[in-house]
Amino acid sequence: MMDRTAPSLRAIPSVDRVLRELGPTDVPRPAVVAVVRRELAALREAAPDNAIQPVDAIARVRAALDALRAARIRRVINGTGILVHTNLGRSPLGETAVDALRQVASDYNNLEYDLTGGERGGRAAYLEHNLAVLCGATGADDPPRAAAAVNNCAAALVLILRHFAGSADRNEVVISRGELVQIGGGFRVPDILESSGAALREVGTTNKTSIEDYERAIGPRTALVLKVHRSNFFMGGFVESPPTEAIAELARVKGVPFVEDLGSGAVVRTESAPAVEHEPTPAEVLAKGVDLVCFSGDKLLGGPQAGVIAGRRDLVAALKKEPLFRALRCDKLVLAALQATVDQHLIEQATGSDLAQSGVPVVAMMHMGDDELRRRAEALVAHLSDLPLAASVGTGEAQVGGGTLPRSAIRSVTLDLLPHGIPLLDFAARLRAGEPPVVGYVSGGRLKLDLRTVFPRQDGELLAAVRAAVAGLLQ
Ligand SMILES: *Cc1c(COP(=O)(O)O)cnc(C)c1O
């Protein structure tokens, strides 16, 4: 055995040799060494008595290292036209949020310190106050309103379920069969309910649920009536569900809390963007008599990942007293960015400023006019005339995305590219491999980059990325 395997094993290069061949990389050396060791071990295992060419071994290590490097989180230019792109980090933050992050991140801060009294203070009091106002609290509400934030909307829902449906004799959550939905990857309403110890009490049918269905289902074991906004799909045709006000009134009479999971958390008039439907806002839903709403911070609110809970002050206070709240609370960076985003919305609401100029990027992108996009596309095309590709101004349909507003396609403008001498998919891969990576989509025989989701300040980088991707092609 020794005699047969020894020579072939020697053909697998040493760790040191591979490291020398790889040359310098921007991945820290201990991480590179671990990749090299892992790949060489796998080679020995796969080919115990086959000689392996050192070049093949090095190519394999290089590919593994490239895969590791590509997985590092970094900025990307989004040419997909999907505003809240779950795979691309959902909402980009606005400038004021980034400034707040930078300051709070690198200096000490008053996270839990009362600067007036010079002693320990509450956490997130400013954010919670302003968040409640953004969710419609006036300061003179009856019942009084409040708000709080946790790590994401799924966490908000788990906290709510744990609090209201956590006891064995009162754990039923009444929900319409039409709302037992899956949102994105890994968020299934029935699974969240089950894992929180709640028992599902389904009412109605997939397409029709009446107020009588709710009424029949509510009993002594009912912990909560839950409504889940169907954010990522719509139902048409023979469809019916009772108005929120009617469910709220029923829940009030029966003495059962009524919670709505809104998901997207739009606080601006989405319908003022061309061809976008109205998305219910937290303030509007609470005004209809819902006791609590929850929604994401990083969808249409345009802030960091967070889950906002707003509504009756007594209920919000009780949720904050749950031991689980401690495990779900936001860190200082999230609080700083969320606080700045909420303030931005409040300032813009008060001044009634143009939504296309909003300091919240998702809001601005949604409302941006075609003319501006077309002007940018034309300038980009003019700058690409010397390259071995056909560049033209095209049209596209941008989407809000993030599991929101599934019916709303926003007419948009694209930069359409057809490179000479390279398959489109290879060209797309080259753009993704660039620095920064550019992600577009292929349609109608072109690689399309939707300019609605490319920030104007990125146009220069976009040109450089296209240049780099065609560099070396036939001239
Ligand atoms: C997106 C969404 C969620 C999940 O929100 P996360 O912040 O990602 O946890 C929950 N419910 C609805 C209705 C949603 O649209």
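Remember, it's 1-based here, ligands and their atoms both numbered in the order they're listed. All values below were derived from every heavy atom in this structure, side-chain atoms included, with hydrogens, water molecules and symmetry-related copies excluded. Only a predicted model underlies this, so the values are computations on that prediction, with no experimental measurement involved. Numbers here are sequence positions counted from 1.
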Asks: If every non-hydrogen atom of Val466 is compared with every non-hydrogen atom of Phe427, which pair is closest and at what distance?
Replies: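 Minimum heavy-atom contact is CG1-CZ, 4.4 Å.
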Asks: Looking at every heavy atom in both Ala266 and Thr270, which two are closest together, and how far apart are they?
Replies: CB-CG2, 3.9 Å
Asks: Can you list the ligand 1 atoms lying under 4.0 Å from a non-hydrogen atom of Asn152?
Replies: 6 (P), 7 (O), 9 (O)
Asks: Enumerate the atoms of ligand 1 whose separation from the nearest heavy atom of His229 is less than 4.0 angstrom.
Replies: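 Matching atoms, with element in brackets: 13 (C).
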Asks: Under a 4.0 angstrom heavy-atom cut-off, which atoms of ligand 1 come close to Ala154?
Replies: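 This gives 6 (P), 9 (O) as the contact atoms.
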Asks: So for ligand 1, is Ser264 a polar contact partner (N or O within less than 3.5 Å, distance only)?
Replies: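 There is no such contact.
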Asks: In Å, rounded to the nearest 0.5 Å, how long is the span from OG1 of Thr116 to CD of Glu119?
Replies: 9.0 Å
Asks: With a 4.0 Å cut-off on heavy atoms, does Glu179 reach ligand 1?
Replies: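 Per 4.0 Å heavy-atom rule, Glu179 does not contact ligand 1.
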Asks: Restricting to non-hydrogen atoms, name the atom on Ala217 and the atom on Val203 that form the minimum distance, rounded to 0.1 Å.
Replies: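 Between these two residues, the closest heavy atoms are CB-CG1, 3.2 Å.
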Asks: Quick check: closest heavy atoms across Pro437 and Arg75, and the distance to 0.1 Å?
Replies: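 Closest approach of Pro437 to Arg75, heavy atoms only: CD-O, 3.4 Å.
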Asks: Should you measure from each heavy atom of Arg90, which atoms of ligand 1 turn up under 4.0 Å away?
Replies: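 Under 4.0 Å from Arg90, ligand 1 has these atoms: 6 (P), 7 (O), 8 (O).
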Asks: Consider every N or O of Cys153 and every N or O of ligand 1, then say whether any pair is closer than 3.5 Å.
Replies: yes
Asks: Output the list of atoms in ligand 1 that are nearer than 4.0 Å to some heavy atom of Lys299, sorted by atom number.
Replies: 1 (C), 2 (C), 3 (C), 14 (C), 15 (O)
Asks: Considering all heavy atoms of both residues, which atom of Arg374 and which atom of Val393 are nearest to each other, and what is their separation?
Replies: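 Residues Arg374 and Val393, closest heavy atoms: NH1-CG1, 3.7 Å.
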